[in-house]
Amino acid sequence: MDKRRIAVLVSGGGTNLQALIDAQTSGIIQSGEICLVISNNANAYALQRAASANIATAVALKKELGSQEAFEDRIKQLLTDHRIDVIVLAGFMSILSENFTSCYPKRILNVHPSLIPSFCGEGFYGLRVHEAALSYGVKVTGATVHFVNEIPDGGEIILQKAVEILPGDTAEILQKRVMEQAEWKILPAAVEQVCSLL
Ligand code: GAR
């Protein structure tokens with residue numbers, strides 16, 4: 001059977017993208033193939049990771065395109081041009097409007113670095129999520145992979161994994177543990193699960 005064509009949307013370092021690339025190499029992802037990486041930041045290191053893996057890249061800059069609508073139209077065009085079936089938000093730090101998400105129901109996945117519904121929604125991204133978990137004083141956090149709809153971090157949950165918070169944790173230490181123990185495992189697993197069922 002043909003593999004599902006996957007696009008990964010990124011903004012920064014791209015360690016989750018790397019986990020997906022590695023999962024493809026090792027066979028954890030076998031029902032899909034990463035065909036395109038789109039960044040909303042021209043300097044994202046994730047673009048170099050994609051290039052090193054011989055994956056096509058594109059950049060969409062909201063500032064240059066002038067509006068949210070033009071930004072989303074550009075991404076839609078790229079997805080159409082590359083015949084993309086499944087879209088993965090992997091550290092993509094821009095909220096997509098209903099105009100965009102409604103075009104791809106149950107076709108967009110996002111990884112979020114907490115156990116949704118804790119520490120999620122608008123304003124909760126990257127290190128801020130871990131800062132919020134530490135300042136609340138929770139003893140367990142984790143990561144969630146969910147489908148993306150019009151509500152930020154509000155779509156149906158696909159996979160979650162819990163991670164312990166330890167005495168002395170800083171947001172940076174906790175971010176690394178959540179990535180290693182949860183995000184880099186559940187994101188490839190969820191991508192394979194979704195691709196295999198399409
Ligand atoms: C990851 O921890 C990801 O879960 C988080 O940003 C980091 C990106 O790292 N995403 C969000 O906070 C989205 N709300 P990466 O670029 O190394 O994958």
Side-chain angles (χ1 to χ4, degrees), residues 6-24 28-29 34 36-53 55 57-60 62 71 75 87-97 100-101 108-136 138 140-165 169-191:
I6 302 167
V8 185
L9 274 54
V10 297
S11 298
T15 64
N16 278 288
L17 168 66
Q18 191 64 55
L20 292 169
I21 294 169
D22 294 347
Q24 192 169 281
I28 291 170
I29 295 178
I34 306 166
L36 177 65
V37 170
I38 304 175
S39 176
N40 67 341
N41 164 14
N43 300 316
Y45 184 64
L47 289 168
Q48 293 185 41
R49 295 183 190 270
S52 302
I55 300 166
T57 60
V59 174
K62 202 185 298 187
F71 173 65
I75 297 176
I87 302 151
V88 182
L89 311 185
F92 186 62
M93 302 301 185
S94 179
I95 291 180
L96 295 162
S97 78
F100 184 93
T101 59
I108 314 174
L109 289 72
N110 179 49
V111 60
H112 182 78
S114 76
L115 292 175
I116 290 175
S118 290
F119 314 115
C120 64
E122 231 169 312
F124 286 100
Y125 56 85
L127 272 181
R128 289 181 184 211
V129 179
H130 304 293
E131 282 161 3
L134 288 175
S135 86
Y136 197 96
V138 292
V140 175
T141 185
T144 303
V145 180
H146 62 94
F147 284 118
V148 175
N149 63 10
E150 68 285 358
I151 303 159
D153 298 325
E156 185 188 326
I157 290 172
I158 304 167
L159 289 178
Q160 289 189 304
K161 192 164 191 292
V163 173
E164 248 190 304
I165 293 182
D169 271 356
T170 61
E172 288 79 5
I173 292 171
L174 184 56
Q175 179 182 52
K176 188 162 178 273
R177 187 179 313 118
V178 169
M179 284 176 158
E180 287 173 354
Q181 294 185 6
E183 294 184 51
W184 300 343
K185 293 183 176 164
I186 63 173
L187 183 59
V191 168

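Remember, it's 1-based here, ligands and their atoms both numbered in the order they're listed.
Side chain of Ser11 to backbone of Met93: a donor-acceptor contact under 3.5 angstrom is found. Judged by distance alone, with hydrogens and angles left aside, the side-chain atoms of Glu183 form no donor-acceptor pair with the main-chain N or O of Val178 at under 3.5 Å. Looking at His130, its side chain never comes within 3.5 Å of a backbone N or O of Lys176 through a donor-acceptor pair.
Residues Phe124 and His112 approach most closely at O-CE1, 3.4 Å, considering heavy atoms.
Qualifying salt bridge (charged side-chain N to carboxylate O under 4.0 Å, His left out) partners for Arg177, counting only residues two or more places apart in sequence or in other chains: Asp169.
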Output, or 'none' if empty, a list of ligand 1-protein atom pairs in which both atoms are N or O and the distance is under 3.5 Å, rounded to 0.1 Å.
{"from": "ligand 1", "atom 1": "2 (O)", "to": "Glu183", "atom 2": "OE1", "distance (Å)": "3.1"}
{"from": "ligand 1", "atom 1": "2 (O)", "to": "Glu183", "atom 2": "OE2", "distance (Å)": "3.0"}
{"from": "ligand 1", "atom 1": "4 (O)", "to": "Glu183", "atom 2": "OE1", "distance (Å)": "2.6"}
{"from": "ligand 1", "atom 1": "12 (O)", "to": "Gly126", "atom 2": "N", "distance (Å)": "2.8"}
{"from": "ligand 1", "atom 1": "14 (N)", "to": "His112", "atom 2": "ND1", "distance (Å)": "3.4"}
{"from": "ligand 1", "atom 1": "16 (O)", "to": "Gly14", "atom 2": "N", "distance (Å)": "2.8"}
{"from": "ligand 1", "atom 1": "17 (O)", "to": "Gly14", "atom 2": "N", "distance (Å)": "3.4"}
{"from": "ligand 1", "atom 1": "17 (O)", "to": "Thr15", "atom 2": "N", "distance (Å)": "2.8"}
{"from": "ligand 1", "atom 1": "17 (O)", "to": "Thr15", "atom 2": "OG1", "distance (Å)": "2.6"}
{"from": "ligand 1", "atom 1": "18 (O)", "to": "Thr15", "atom 2": "N", "distance (Å)": "3.4"}
{"from": "ligand 1", "atom 1": "18 (O)", "to": "Asn16", "atom 2": "N", "distance (Å)": "3.0"}
{"from": "ligand 1", "atom 1": "18 (O)", "to": "Asn16", "atom 2": "ND2", "distance (Å)": "2.9"}

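In this structure, the side chains of Ile108 and Phe100 come closer than 4.5 Å at one or more pairs of heavy atoms.
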